[in-house]
Amino acid sequence: MDYYIDKVFDLNFGKKKTAKINTFGCQMNAHDSEKLCDMLLKMGYKITDDKNNNDVDLVLFNTCCVRENPEDKLFGNLGYFKNKKKLKPDLKIILCGCMMQQKHIIEKIKKSYDFVDVVFGTFNAHKFPELLFNNLVTNSQIIDIWKENKNHEEEIYLTRKYFFKASVNIIYGCNNFCSYCIVPYVRGRERSRNFNEILDEIKKLVDDGVKEIMLLGQNVNSYGLDLKENKINFAELLFKVNNINGLERIRFMTSHPKDLSDDLIFAIRDLNKVCKHLHLPVQSGSNRILKLMNRKYTREKYLDLINKIKMNINDIALSTDIIVGFPSETENDFLETIDLIKKVEFNSAFSFIYSKREGTPAAKMSEQIDSEIVKKRFGYLIKVLNEIIEKKNKIYNGKVEKILVEEFDEENKKLTGRNEKNMLVHFESDKNLVGKIVNVKIIDAKPFYLIGQKIGS
Ligand code: 5AD
Ligand code: SF4
């Protein structure tokens, strides 16, 4: 998403109206919302998270269509804001994000949601200020959806949720067309950013106090493949980022197992700032299902890769994504997934119930699985995963971990942060440690977090 500061100006002429941003979906969307927030601030809005929406002058929904049924959620919310708008006619309602790239959604908005003010998609979010301006001037619904990316995205210095950590897009879109996934249709083909641009952005962020960077892409491993000039691969990019003075931690997501190179494994092993944590979605442990999913690896290849990673990177933490109930999944296929997760022993995992996405090849597959069976399998998967994760977490007991402190909870006076492996750690200490990296001794391990005690001064 790119936008140009000189085109953004205070649309409220100093009146400081209030805007609320609702974000659905993945880290990519969360990061897009930071950029939209930046634009809103520059347009003269102040941001609120008021749950009652009493003082809200503008509400923005950054939508997602990757899983679940976000449509019900969005249209339910719109019903609520329609009523609010009756009492406050100048309330602005803005819709953007992946869901808006779907034709049937736009048709529905045009037909039945004429009170929505501005709608834009994933390829033209940089136009938000211009579109809002047009709406303010004409007081009519503005819908602007691009089918593809027309100019190369460019990042600019932006407002962040945290002052000490930030995300940076390195590649947009996806070429993989996993058969269940809508992303390639709503985010377009892979487009890598020039590495100089990426490095400049990170340097600016570090100058501004950022200690941890998350490099974002649907598949970071294909970074650079589409570049015509200044072509480097992802491992090479990591080397360059690692050299940035003042930066302390580098994370990245997501890696497709089919593209994970030896060079990348060695880079993770050798680069001191790269966190020893790898998110490597497996999706299924059954070769038959993996083929239907168009994942382009087998369970054997995945397991070999995991072995190679574990052999090379001491103590690496592994996380994954798993889909349950893909069309035609048999009990046997499911048990192969269970077997695989037991073999790998992931440190954490995101499990999803398969959700039919119109327009994807999997949606046309005849054998959709009965929801009761899927729920049962999902419940069992969670139980097995939790047992593994709890066991893995116990390893931390008694260890001293470096924690980047993220938040202070006023109510129970506890700090929360993450270790290098991305585990959440709660401990008691001073509020002004937020944003600092401190040593914490782990005294108890729960399934989803660790409890610690700060050591040293
Ligand atoms: N149904 C369920 N899960 C999905 N994911 C993507 N598409 C679907 C879908 N249609 C999951 C995959 C992916 C993660 C980001 O979301 O596991 O890795
Ligand atoms: Fe979707 Fe597959 Fe691309 Fe991930 S790699 S975004 S699951 S198509």
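Whatever order the structure lists them in is the order used to number ligands and atoms, beginning at 1. Since this is a predicted model, take the numbers as computed values, not measurements.
By the 3.5 Å distance cut-off applied to N or O atoms, Arg67 is counted among the residues near ligand 1.
Interface atoms of ligand 1 facing Arg357, defined by a heavy-atom separation under 4.0 Å, are 10 (N). Close contacts between ligand 2 and Pro184 involve ligand atoms 8 (S) [criterion: under 4.0 Å to a heavy atom]. Residue-ligand proximity, Ser355 to ligand 1, at heavy-atom distances under 4.0 Å covers atoms 1 (N), 2 (C), 9 (C), 10 (N). Residue contact check: Tyr354 has heavy atoms under 4.0 Å from atoms 1 (N), 2 (C) of ligand 1. Every atom of ligand 2 with a heavy atom of His256 under 4.0 Å away is listed here by number and element: 5 (S). Counting atoms of ligand 2 from 1 in the listed order, those under 4.0 Å from a heavy atom of Asn176 are 5 (S).
For the pair Lys301 and Tyr297, the cation-pi test (distance below 6.0 Å, angle within 45°) is failed. Phe195 carries Lys240 over the face of its six-membered ring, with the cationic atom under 6.0 Å from the centre and within 45° of the normal. With Tyr113 as the aromatic partner, Lys108 does not meet the cation-pi criteria of under 6.0 angstrom to the ring centre and within 45 degrees of the ring axis.
Side chain to side chain, Asn62 and Thr23 fail the donor-acceptor criterion of an N or O pair below 3.5 Å. Residues Asn221 and Lys258 have side chains that never bring a donor and an acceptor to within less than 3.5 angstrom of each other. For Asn22 and Lys73, the side-chain atoms include no donor-acceptor pair closer than 3.5 Å. A donor atom on one side chain and an acceptor atom on the other are found under 3.5 Å apart for His426 and Thr416. Between the side chains of Lys446 and Asn393, no donor N or O sits under 3.5 Å from an acceptor N or O.
Of the charged side-chain nitrogens involved, at least one lies within less than 4.0 Å of a carboxylate oxygen, so that Asp339 and Lys343 count as a salt-bridged pair.
With a heavy-atom cut-off of 4.0 Å, Arg295 touches ligand 2 through its side chain alone. When non-hydrogen atoms are compared, ligand 2 lies under 4.0 Å from the backbone of Phe177 (N, CA, C, O) but not from its side chain. With a 4.0 Å cut-off on non-hydrogen atoms, Pro281 does not touch ligand 2 at all.
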Evaluate salt bridge (Lys or Arg N to Asp or Glu O under 4.0 Å) for Glu401 paired with Lys421, printing each intermediate quantity in order. CA-CA 10 Å; Glu401 295 287 304; Lys421 311 282 163 65; 5.8 Å; no
After noting the C-alpha distance and the side-chain angles of Arg299 and Ser284, does the key distance pass the side-chain hydrogen bond (donor to acceptor under 3.5 Å, both in side chains) rule? CA-CA 8 Å; Arg299 62 178 273 127; Ser284 169; over 6 Å; no
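When side chains are defined from C-beta on, Asp444 does not count as touching Leu450, because their heavy atoms never get closer than 4.5 Å.
In this structure, atom 7 (S) of ligand 2 lies nearest to the protein heavy atom Tyr180 OH, 3.4 Å. The protein heavy atom nearest to atom 12 (C) of ligand 1 is Gln283 OE1, 3.5 Å. The protein heavy-atom contact nearest to atom 1 (Fe) of ligand 2 is Cys181 SG, 2.3 Å. Considering only non-hydrogen protein atoms, atom 7 (N) of ligand 1 sits nearest to Tyr180 CD1, 3.4 Å. The single protein non-hydrogen atom nearest to atom 6 (C) of ligand 1 is Val66 CG1, 3.5 Å, given as residue, atom name and distance. Here the heavy atom of the protein found nearest to atom 18 (O) of ligand 1 is Asp321 OD2, 2.6 Å. Regarding atom 3 (Fe) of ligand 2, its nearest protein heavy-atom neighbour is Cys174 SG, 2.3 Å.
The shortest heavy-atom distance from Ile353 to ligand 1 is under 4.0 Å.
None of the N, O or S atoms belonging to Cys178 lies under 2.8 Å away from atom 3 (Fe) of ligand 2.
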